[in-house]
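The block underneath contains the structure these notes are about, expressed in structure tokens.
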There are 2 protein chains.
Amino acid sequence: MSSDGIDTRSKILDAAWKLLEEGKGNGVRMSDIAKAAGISRQAVYLHFPSRAELLTETTRHIDRTKNIEARLLPSRTARNGRERINAFVEAWGNYIPEIYGVVQAILAMKDTDPEAATAWADRMRALREGCESAIRDLKRDGTLTPSLTEKEAVDMLWTLLSVRTWEHLRIDCGWPQKRYIAEILSIARKTLLARWT
Amino acid sequence: MSSDGIDTRSKILDAAWKLLEEGKGNGVRMSDIAKAAGISRQAVYLHFPSRAELLTETTRHIDRTKNIEARLLPSRTARNGRERINAFVEAWGNYIPEIYGVVQAILAMKDTDPEAATAWADRMRALREGCESAIRDLKRDGTLTPSLTEKEAVDMLWTLLSVRTWEHLRIDCGWPQKRYIAEILSIARKTLLARWT
DNA sequence: CATGTCAATTTACACCGTGTCAAGCAAAGG
DNA sequence: CCTTTGCTTGACACGGTGTAAATTGACATG
């Protein structure tokens, strides 16, 4: 065991998290993380085989400490599809800003590093499953718009909730978070719900 | 003048275009482009000071030969705002796939290279101006939804037409191009037009 | 014909970030 | 005590971008 109470692995993850959080998701190098964790660059490689691995572990670390599962709970216990969408959009939409830094870094690696690509695909599949459940409920309630197939509806919701959409509205357009949530919710209702709702 | 009819600069641009077009927008290196153009890597630097510059020049090259201006003309001569949106979405939406490869490469550089970032911002400003004109017409016609300010409406349309949204629906979700156009148009109408239209 | 210029060539190198390797050091624990 | 564990330092290979210098070959103009 190490002399300091908290183990090194956690120190690395925390350092990575902090650095990625404060602004430039990209441009954070392994050496920066090492320095922030107070260890040598090589020591980082003793715990994580590659930058891609470190980044994906960092997202898991964040998920664990921010307890994303608990946050998504309300959406799973919603009384009907309509409310499920509400809860889901709110939960995920408000989670994005907390992981944006790390996501940005992974997204940037995705194009070149196949490992990062699959890690990201995994992450997105989880989100997609949430969308699928919500749409399924809508379908069950009979409130799903007839102009979209179930698959298309899932794709639409998934796209609306994508990090890129959030990024575009919040970062590029400068929208406040509340406005983002409200507007995405509004679009989701308009495009997914049957007219007579 | 060079002995071969077509000058080297164009050969480079064409080579870059072709390589970026066929698949992996990223992963195309300067040496690849040089090889494809039939010259040495260093010769490329005689014509373009940096990779970022080459990429942005390539988009201009494509714009020129694909005549984007002419394609956007119908949207500018539309009789009313509603039709202007139709024409604009169709023109831009169908243009994206033709520039996607190059755009992907620039987008990837954007995070690290400030030069690429400003080049991309320029490009996006042009698109945004198109959105602004369309929304202004809607406002003039009185068909703009009252639930959005003019600025917000522009932001929404701009986001719907972003390359990232296209990428998500077409690449990640596998939608056919026609479906993409139809659905974006549908969302745009539902979110931008006043109820009574 | 000689000269100068220009485009492109080759070779070489600097820089940066990732990832690897080897040797050494300090402390914990049998 | 000696071994193991966790980390250190230092060095290095690789890949990609960008720079620099010396050279060749074609062409135009004197």
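By convention in this document, chain letters (A, B, ...) are assigned in the order of the sequence lines, proteins followed by strands, and residues within each chain are numbered from 1. What you see is a predicted model; the values in this text were computed from it and never measured.
- Here B/Arg64 pairs with nothing under the salt bridge (charged side-chain N to carboxylate O under 4.0 Å, His left out) rule; sequence neighbours left out.
- The side chain of A/His47 places no N or O atom within less than 4.0 Å of a non-bridging phosphate oxygen (OP1 or OP2) of D/dG6.
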Report, as a single string ordered 5' to 3', how protein heavy atoms within less than 4.0 Å touch nucleotides 16-21 of chain C: B base, S sugar-phosphate only, - not at all. -SBBBB
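- Under the side-chain contact (heavy atoms from CB on, under 4.5 Å) criterion, A/Ala108 pairs with A/Asn26, B/Asp111, not counting sequence neighbours.
- Residues passing the side chain to side chain donor-acceptor pair (under 3.5 Å) test with A/Ser147, sequence neighbours excluded: A/Thr145.
- Qualifying side-chain contact (heavy atoms from CB on, under 4.5 Å) partners for B/Ala134, counting only residues two or more places apart in sequence or in other chains: B/Arg84, B/Ile85, B/Leu157.
- The distance between atom CD1 of A/Ile12 and atom C1' of D/dG6, rounded to the nearest whole Å, is 11 Å.
- A/Arg76 pairs by the salt bridge (charged side-chain N to carboxylate O under 4.0 Å, His left out) definition with A/Glu69, not counting sequence neighbours.
- Under the rule for a side-chain contact (heavy atoms from CB on, under 4.5 Å), the partners of B/Arg136 that lie at least two apart in sequence or sit in another chain are B/Glu132, B/Ser133, B/Glu150.
- B/Trp175 and A/Glu152 get closest at one heavy-atom pair: CZ2-O, 3.7 Å.
- B/Ser40 has no side-chain polar atom (N or O) that falls below the 4.0 Å cut-off from OP1 or OP2 of C/dA8.
- Across all strands shown, B/Leu46 has heavy atoms under 4.0 Å from base atoms, whether or not it also approaches the sugar-phosphate.
- Fit an axis to the five pairs at each end of the helix from C/dC1-D/dG30 to C/dG30-D/dC1 and the two axes sit 20° apart, to the nearest 10 degrees.
- Every residue meeting the side-chain contact (heavy atoms from CB on, under 4.5 Å) condition with A/Ile184, not counting sequence neighbours, appears here in chain and number order: A/Val89, A/Leu160, A/Leu161, A/Thr165, A/Leu169, A/Tyr180.
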